[in-house]
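Remember, it's a predicted structure, so these values are computed and weren't measured experimentally.
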Amino acid sequence: PAFTPYIPAFTAGYIPARAPILVRIAENQTWLDSSQAALQELFELDPGVKGTVSWQGHLTLAFQPNERLASDKTYEVTFHLGRLIEVPSALKDFRFHVSTFKQGIDTRISDLRALSTTDLTWSQLLLAVYTSDDATGQDLEGCFTATQEGRSLHMTWDHEPNGRFHRLLVDSVMRGEQASHVMITWNAERIGSSDKGEKDFEVPAIGDLRLVNSQTFSDGEQKAELIFSDPLDAGQDLAGLAGIANVDQVRLAVEGNKLLIWPQDRLRGKHEAFVAAGLQNVNGKKLGQEITVELEFEELKPSVRMAGTGTI
């Protein structure tokens, strides 16, 4: 509380390893040396970290580390306030702590996408990869390998600007007369994490139509997407082929290998979708058995803008 008249807000708690550390100075202060050279001496971190200091807005100073901070580590920050503005001698140094997130990896199968709508021999396997902290500049791609029955598979990546969501495309997945397996393995040592894992995906045999994944969307018009291993027959009569239990009316459509379900009324919470055995792929091969899929629809809440709490 003693510092509040001079520092109304500052970075606190957990931060991304690439984030700046901020300190906001209160208005109407008596300034001392605020030259660029002097600013570089205001922040001191323990363990030691080199970085640059700059103004971020009119009254906020930002310390940007030259290199990303260590994962899962707490730093004591000393801000030499008495070098910047006039303060009582007991308040010359302002000390606080920040901690970085523990880096880790989570993967989920998103899709199995045939390269042709008629010849289903070759497919691409898509995965969503989540990192618990921003992985920009880290060798996330080098953490992964993909093989199919001992055959190494080529991988390509797409990274979101936030550095935490990544799309992995595994190419040249082959489907044959028998089911096979694609093994995705990861060792996160290269991104400063002890995470290791593997995901075994069974590739269906050609002619074996299977559900691969499902997802729901509640933004705008609600819908569910059921994603299958094969492109679906867009011309088939969908009436009665799918629905949601205890939901009277739904609208159905086929889009590639996706069966889309729009409930007439908005839903929330868990619901069970069903797909009849007669659903068929582009080659006329039927699903062969009725399946049920658990769906969960989010309840969207109105946006709320929160007032500041003294931290940045």
Side-chain angles (χ1 to χ4, degrees), residues 1-104 130-138 159-166 191-193 219 298-312:
F3 283 96
T4 303
Y6 307 101
I7 299 178
F10 57 97
T11 298
Y14 282 87
I15 63 171
R18 297 177 65 244
I21 298 171
L22 309 178
V23 172
R24 184 179 301 155
I25 306 301
E27 303 244 17
N28 303 319
Q29 301 300 315
T30 302
W31 296 88
L32 302 176
D33 190 352
S34 59
S35 66
Q36 275 296 317
L39 294 183
Q40 307 312 308
E41 306 298 323
L42 292 179
F43 286 84
E44 188 177 334
L45 272 66
D46 183 19
V49 176
K50 293 182 179 180
T52 57
V53 180
S54 60
W55 288 105
Q56 194 176 91
H58 176 49
L59 293 169
T60 300
L61 284 163
F63 173 82
Q64 182 65 59
N66 291 342
E67 298 181 358
R68 64 182 298 125
L69 299 176
S71 173
D72 193 24
K73 199 171 191 67
T74 297
Y75 292 84
E76 182 182 70
V77 183
T78 300
F79 181 74
H80 298 298
L81 181 64
R83 299 179 186 179
L84 183 66
I85 62 175
E86 287 188 358
V87 293
S89 58
L91 304 180
K92 288 187 178 295
D93 290 332
F94 175 58
R95 291 183 175 85
F96 58 101
H97 293 85
V98 295
S99 299
T100 53
F101 295 108
K102 182 178 182 180
Q103 185 63 293
Y130 304 87
T131 49
S132 53
D133 194 9
D134 184 350
T136 302
Q138 294 188 299
H159 305 279
E160 286 290 314
N162 65 19
R164 296 185 61 238
F165 177 60
H166 321 266
I191 62 170
S193 170
D219 220 2
E298 290 184 6
E299 181 181 8
L300 296 182
K301 298 179 180 178
S303 297
V304 177
R305 179 173 294 175
M306 302 298 293
T309 59
T311 60
I312 303 177

Quick check: closest heavy atoms across Ala26 and Pro8, and the distance to 0.1 Å?
N-CD, 3.6 Å
His159 side chain to Thr136 side chain, donor-acceptor N/O pair below 3.5 angstrom
no
Check whether any side-chain heavy atom of Phe79 sits under 4.5 Å from a side-chain heavy atom of Ile21, and report yes or no.
no
Between Val98 and Thr74, is any pair of side-chain heavy atoms under 4.5 Å apart?
no
Under a 3.5 Å threshold, yes or no: a donor from one side chain and an acceptor from the other, between Glu44 and His80?
yes
Looking at Asp134 and Arg18, is there a salt bridge between them, counting it only when a charged N and a carboxylate O are closer than 4.0 Å?
yes
Which atom pair, heavy atoms only, marks the closest approach of Val53 to Gln36?
O-OE1, 4.0 Å
For the CG atom of Asp33 and the CG atom of Leu84, what is their distance to the nearest 0.5 Å?
8.5 Å
Report, as yes or no, whether the 6.0 Å neighbourhood of atom OH on Tyr14 holds more than 12 heavy atoms from other residues, nucleotides or ligands.
no
d(Thr131 OG1, Gln138 CD) to nearest 0.5 Å is 8.0 Å
Do Arg83 and Leu32 have side-chain heavy atoms sitting under 4.5 Å apart?
no
Kindly indicate whether the side chain of Phe101, heavy atoms from C-beta on, has any atom under 4.5 Å from the side chain of Pro16.
yes
Between Phe94 and Phe10, how do the two ring planes meet: parallel, tilted or perpendicular, split at 30° and 60°?
perpendicular
Go through it in stages, so that I can follow the logic: the residues are Val23 and Val77, the test is side-chain contact (heavy atoms from CB on, under 4.5 Å), and I'd like the CA-CA distance, side-chain angles, deciding distance and then a yes or no.
CA-CA 11 Å; Val23 172; Val77 183; over 6 Å; no
If we only count heavy atoms from C-beta on, is the Trp55 to Leu39 side-chain gap below 4.5 Å?
yes
How many angstroms lie between OH in Tyr6 and CD in Glu27, if you round to the nearest 0.5 Å?
15.5 Å
Can you give me the closest heavy-atom contact between Leu81 and Phe3, atom names plus distance?
CD2-CD2, 4.0 Å
What pair of heavy atoms forms the shortest contact from Arg68 to Asp133, and how long is it?
NH2-OD2, 3.9 Å
Is a side-chain N or O of Glu160 found less than 3.5 angstrom from the main chain of Phe165, in a donor-acceptor match?
no
Backbone N/O of Gly104 and side chain of Ser132: donor-acceptor pair under 3.5 Å
yes
To the nearest 0.5 Å, what is the distance between CD (Glu86) and OG1 (Thr30)?
4.5 Å
Note, Leu22 side chain near Gln56 side chain (heavy atom, < 4.5 Å)
yes
If you look at every heavy atom in Phe63 and Val49, which pair is closest and at what distance?
CZ-O, 3.7 Å
Sidechain-backbone polar pair: Ser193 side chain, Gln103 backbone, donor-acceptor under 3.5 Å:
yes
Let me confirm one number: the CG-CD1 distance from Leu59 to Ile7, rounded to the nearest 0.5 Å.
12.0 Å
Side chains of Gln40 and Thr52 in contact at under 4.5 Å (non-hydrogen atoms):
yes
Please report the shortest heavy-atom distance between Pro5 and Gln29, naming the atom on each side.
O-NE2, 3.5 Å
Quick check on Glu76: does its CD atom have over 12 non-hydrogen neighbours (other residues, nucleotides or ligands) under 6.0 Å away?
yes
Output the distance between atom CZ (Arg95) and atom CG (Asp46), rounded to the nearest 0.5 Å.
10.0 Å
Counting only N and O atoms by type, is there a donor-acceptor contact under 3.5 Å from the side chain of Thr100 to the main-chain atoms of Ala17?
no
Using side-chain heavy atoms (C-beta onward) and a distance below 4.5 Å, is Ile85 in contact with Val87?
yes
